[in-house]
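Take a look at the structure below.
Chain identifiers are assigned alphabetically (A, B, ...) following the order of the sequence lines, protein sequences preceding nucleic acid strands; residue numbering begins at 1 within each chain.
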Amino acid sequence: GESVGLHLPTLSVQEGDNSIINCAYSNSASDYFIWYKQESGKGPQFIIDIRSNMDKRQGQRVTVLLNKTVKHLSLQIAATQPGDSAVYFCAESRKTSYDKVIFGPGTSLSVIP
Amino acid sequence: EAGVTQFPSHSVIEKGQTVTLRCDPISGHDNLYWYRRVMGKEIKFLLHFVKESKQDESGMPNNRFLAERTGGTYSTLKVQPAELEDSGVYFCASSQTLRPLLSHEQYFGPGTRLTVT
């Protein structure tokens with residue numbers, strides 16, 4: 001069945017360094033991927049998305065890379081700041097519909113000042 | 001613009017009792033979703049409304065869960081009777097219907113933390 005999973009449950013990064021959070025998916029039919037950030041006491045917040053016809057997309061301090069050959073997704077955060085500390089989820093949905101989002105288990109990012 | 005709101009923020013009930021969770025989506029959003037995260041596991045989809053109609057309820061765990069969205073505005077999720085395994089955080093999300101669909105951004109509420117004792 002469908003599954004989206006994360007390689008590491010926790011990640012600690014020094015402030016100012018770059019962070020890389022990885023994610024694997026198993027459904028070859030997946031065509032739309034999203035990264036969410038969840039801070040304590042809040043719901044998931046959309047960060048960036050990418051369609052399957054792309055392999056890279058950049059936002060403000062964030063970059064998402066998609067490797068369809070190995071079904072791998074990553075989120076890169078440049079110059080990590082204390083405010084980036086949160087749980088990050090990769091997720092999959094279908095871009096052609098308003099379908100449900102399938103979440104991975106999440107990676108907890110801790111930024112060391 | 002107000003975001004997605006959920007009420008209550010926390011609820012503690014005993015096994016066998018009934019609890020009703022409420023979600024107010026962003027105004028104008030036709031799509032409303034319920035998700036939940038139990039026992040530290042992944043956030044799981046429960047169901048999807050388009051206006052007042054249930055588009056997809058494949059994630060509803062059993063018939064103890066009843067979701068409604070009368071009038072296509074706010075939604076309620078009732079658990080009756082609640083069981084211990086229902087404990088977790090219940091999230092609501094909403095999104096617009098855009099044509100063409102360029103980005104499917106779902107906006108999440110803060111969640112309701114449900115504890116069944």
Need one label for A:Q45: side chain, backbone, both or neither, based on atoms under 4.5 Å from any heavy atom in chain B.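 Neither; nothing under 4.5 Å.
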
Can you tell me which portion of B:S9 sits under 4.5 Å from chain A's heavy atoms? Options are side chain, backbone, both or neither.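 Contact with chain A is absent: no heavy atom of B:S9 under 4.5 Å.
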
Please state whether the rings of A:Y36 and A:F46 are parallel, tilted or perpendicular, taking 30° and 60° as the class boundaries.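 The rings of A:Y36 and A:F46 stand perpendicular, inter-plane angle above 60°.
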
Below 30° counts as parallel, above 60° as perpendicular, anything between as tilted: where do the rings of A:F103 and B:Y35 land?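 A:F103 vs B:Y35 ring planes: perpendicular.
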
Pairs where residues 12-57 of chain B contributes a residue and the test disulfide bond (SG atoms under 2.5 Å apart) is met, not counting sequence neighbours: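 Every disulfide bond (SG atoms under 2.5 Å apart) pair that includes a residue of residues 12-57 of chain B, provided the two are not neighbours, is B:C23-B:C92.
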
A:Y25-A:L75 co-clustered via ILVMFWY side chain contacts under 4.5 Å: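 Same hydrophobic cluster.
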
Hey, which of B:R37, B:R113, B:K44, B:K41 has the most heavy atom pairs under 4.5 Å with chain A?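 Heavy-atom pair counts peak at B:R37.
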
